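To start, the structure under review is shown below, and the notes come after it.
Worth saying up front: this structure is predicted, and the values here are computed from it rather than measured. Protein chains get the first letters and strands the later ones, always in sequence-line order, with residue 1 at the start of each.
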Amino acid sequence: MLKVYNTLTRKQEEFKTREKGKVYIYACGVTPYDFPHIGHGRSAVIYDVMHRYLEYKGYEVIHISNFTDIDDKIINRSNELHINYKELADKYISIYLDNLDMLNVKQLYRYPRATEHIPQIIEMVRVLKEKGYAYEISDGIYYEVSKFKEYGKLSHRDITALREGARVEVNPEKRDPLDFALWKKAKEGEPSWDSPWGKGRPGWHIECSAMSLHYLGSSFDIHGGGDDLIFPHHENEIAQSEAYTGKVPFVRYWLHNGMVIVNREKMSKSLNNFFTMNELFKRYDGEIVRLYLVSISYHKPLSFDLESLEQSSKNYEYFNQSYIRFKQLSGQENGLSSIELAKKWRERFEDAMDNDFNTALVVALLFDIFKFVNVKGSQLSGESLTEVDKLLQDIFLVLGIKKLGTIEEKINVSFKEELMVLVEGLKEEKELAEAISSISLKEEVSDIIKKLIDIRWELKSEKRFKSADLIRNRLKDIGVVLEDTNTRTTYKLIYTRGVENEK
RNA sequence: GGCGCCGUCGCCAAGUGGUAAGGCAAGGGUCUGCAAAACCCUCAUCGUCGGUUCGACUCCGAUCGGUGCCUCCA
């Protein structure tokens, strides 16, 4: 039985969907005005894992995530760059989606954009005004917080205390400092849309209410986002939406993920302590970053640092190499059975995920499974291997690490160049020149590596270890690691040279 | 000031009443030309002080330290 922690009730609750067999999810996306950082990636990955697990459990998942593609930041930034606001948003939406692709985040049902739902937004504002929840003043239409008696229920705040802490008003016409803008009247030169109140644009918050209700209807199952959105964003969404539809609840389960922390502080643009995903992907494969993100409970802050990422990189290698070996096993006749064990592991997997998506426990489980198969794998029956493999694949699918077990041939142009330089370099060595000369640079990268391995194997058998080690070391320098066994040498391409070697 | 969260081995990190998962690092081994990999072994009583309880890392109170939201933010 799946249980989730609901911010609204501050309790872990049994997860029951609005409709049998279907889950409707709205996850707050980004305001596309700059490069997305790892914090944005974390959110996306977290809701993606939930999505995948719910599918594993047999649900049909209708999952959307928005782009708030019009707001002050976008307007300001596009003015700075002298480009259209849409051009700016398009650019960063595209980068964001590319980044999510690197992280294996599944394609969603929709990616609604605020500017493409202006009619729905206007309609919502109109009704709220008609129902007496909103009023018009000189610079826009405002939501009157005091009209919504449950205001504060999500963030568990007392409305009076909130008022005391409120900042000095920009517009003194507001009836209450807590009232927030549903619609902002256009200032000179700002992008705007026609409305019953003249030209203007949506305020923040309203777009999420309008779009989630539009696509998912009221009382949909999961609304997620970073925990910095609890107040005021999600609080305001509840106020607007429940007032608008007259139906409670707007959302059945409010889920919030923790922030990414750097040096004990929240990662943010203003503190300039952020790592963009693009930066990280230069050094680490998206799957490694993803493994890192799922190694920690989703609702807690994640203290990000490169050393931890390096750790995940090693863990990833362990999983990857272990799984490669596992796939090469052939079952033994009358071999050991691990069917029961696989069953228990699957239970552990499901128990962990049912417990508010505890992916950290699942990662720990992977270590247990691999430790077992690394030792006993060769003794297992074919049936057992199949069973364990099914489980592993299910886990990989849910965690979203799909490339495990494949020798990732990250062979791009620059790698090939590096390899050629290496081969040329080896030709300079007297001991090696002759053997190396048989390698043609026109060959496939993998063939070149294999030839080098063969040459080295010969050297080893002749006990010419210095030359053999030279080849191994040179290859290591470009990310190809050779490993000897009694009978042969295998190679692997490492994903990154890591922080250590970066110096 | 209001509402929260966190403080577990050198580091990262599970854990929500029954005597501390996992990973990295470290040390010692098996293997090995060396290296790597794999495997084995070693490695914490949970910020502090009280309380509740047969029993607390887990509940309550206090205290110290860190941090989030209350203004844009995943």
Side-chain angles (χ1 to χ4, degrees), chain A residues 7 10 12 27-31 33-34 36-47 65 68 71-73 76 96 152 155-168 170 178 204 224-233 235 256-261 264-271 274 291-292 295-297 299-305 307-315 317-318 321-322 325 348 352 355 358-368 370-371 373-377 460 463-466 468-469 472-473 476 481-486 489-492:
Chain A
T7 305
R10 285 185 174 164
Q12 217 176 69
C28 274
V30 297
T31 301
Y33 74 104
D34 204 345
H37 56 60
I38 185 65
H40 301 114
R42 183 183 192 203
S43 269
V45 165
I46 282 164
Y47 297 105
S65 183
T68 300
D71 86 325
D72 290 347
K73 290 191 297 296
N76 293 338
Y96 176 74
S155 52
H156 303 275
R157 283 159 207 240
D158 177 60
I159 197 164
T160 318
L162 276 172
R163 271 195 200 102
E164 285 167 6
R167 293 209 164 180
V168 182
V170 180
L178 297 180
W204 185 41
D227 63 22
D228 56 345
L229 295 179
I230 295 172
F231 189 89
H233 186 56
E235 192 68 60
H256 292 95
N257 62 274
M259 297 291 100
V260 173
I261 307 295
R264 295 184 162 183
E265 287 175 310
K266 175 178 162 186
M267 182 179 285
S268 72
K269 305 274 180 191
S270 49
L271 289 168
F274 59 92
L291 177 64
Y292 175 51
S295 298
I296 295 132
S297 329
H299 59 270
K300 290 191 180 171
L302 181 161
S303 33
F304 179 90
D305 63 84
E307 199 186 322
S308 305
L309 191 53
E310 184 62 18
Q311 232 186 74
S312 287
S313 179
K314 288 175 183 167
N315 292 341
E317 273 311 313
Y318 175 75
Q321 295 303 318
S322 296
R325 278 194 300 273
R348 263 177 74 185
N355 184 17
N358 193 333
T359 50
L361 290 177
V362 177
V363 174
L365 171 63
L366 281 179
F367 278 101
D368 285 352
F370 281 124
K371 189 155 284 182
V373 298
N374 278 335
V375 178
K376 298 278 178 74
K460 260 164 59 82
K463 304 221 184 281
R464 292 161 67 189
F465 297 123
K466 264 197 174 165
D469 289 350
R472 185 173 63 197
N473 291 335
K476 192 181 174 192
V481 174
L482 302 190
E483 289 170 2
D484 295 336
T485 68
N486 288 329
T489 296
T490 61
Y491 77 95
K492 67 184 183 190

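Here A:D469 lies in heavy-atom contact (under 4.0 Å) with a base.
Taking the C1' atom of each, B:rA44 and B:rG22 are spaced 14 Å apart, rounded to whole Å. Remark: the separation of the P atoms in B:rC54 and B:rC69 is 43 Å, to the nearest Å. Here the separation of B:rU53 from B:rG7, taken at their C1' atoms, is 25 Å to the nearest Å. Atom C1' of B:rC9 sits at a distance of 12 Å from the matching atom of B:rA26, rounded to the whole Å. B:rC6 sits 47 Å from B:rU32 when the C1' atoms are compared, rounded to a whole Å. Going from the C1' atom of B:rA56 to that of B:rA25 covers 31 Å, rounded to whole Å. A distance of about 44 Å separates the P atoms of B:rC72 and B:rC24, rounded to the whole Å.
The partner of B:rC39 is B:rG29, judged by Watson-Crick or G-U wobble contacts that both fall below 3.5 Å. Using N1 to N3 plus N6-O4 or O6-N4 for Watson-Crick, or N1-O2 and O6-N3 for G-U wobble, each under 3.5 Å, B:rG4 pairs with B:rU67. Across all strands shown, nothing is found opposite B:rC34 as a Watson-Crick or G-U wobble partner with both distances under 3.5 Å.
With B:rC12, B:rC69, B:rG22 as the candidates, the nucleotide lying closest to the side chain of A:R157 is B:rC69. Nearest to the side-chain atoms of A:E307 among the listed nucleotides B:rC11, B:rA74, B:rC70 stands B:rC11. For A:A364, whose side chain is taken as the heavy atoms from C-beta onward, the closest listed nucleotide among B:rC12, B:rG68, B:rA21 is B:rA21. Side-chain proximity of A:L361 to B:rA21, B:rA74, B:rC3: nearest is B:rA21. Considering only side-chain atoms of A:K73, the nucleotide from B:rA35, B:rC72, B:rA37 that sits closest is B:rC72. Residue A:Q311 places its side chain closer to B:rC11 than to any other of B:rC70, B:rG33, B:rC11.
Residue A:K300 places at least one side-chain N or O under 4.0 Å from the OP1 or OP2 atom of B:rG15.
Put simply, the side chain of A:D484 and the base of B:rC34 share a donor and an acceptor less than 3.5 Å apart.
Comparing A:A161 and A:K371, the nucleotide of RNA chain B nearest to each residue sits closer to the 5' end for A:A161. Each of A:K463 and A:Y292 lies near RNA chain B, and the nucleotide nearest A:Y292 is the one positioned closer to the 5' end.
Atom-to-atom, NE2 of A:H233 to C1' of B:rC72 comes out at 12 Å; the value is rounded to the nearest Å.
Under the 4.0 Å criterion applied to side-chain N and carboxylate O atoms, A:D469 and A:R472 are assigned as salt-bridge partners.
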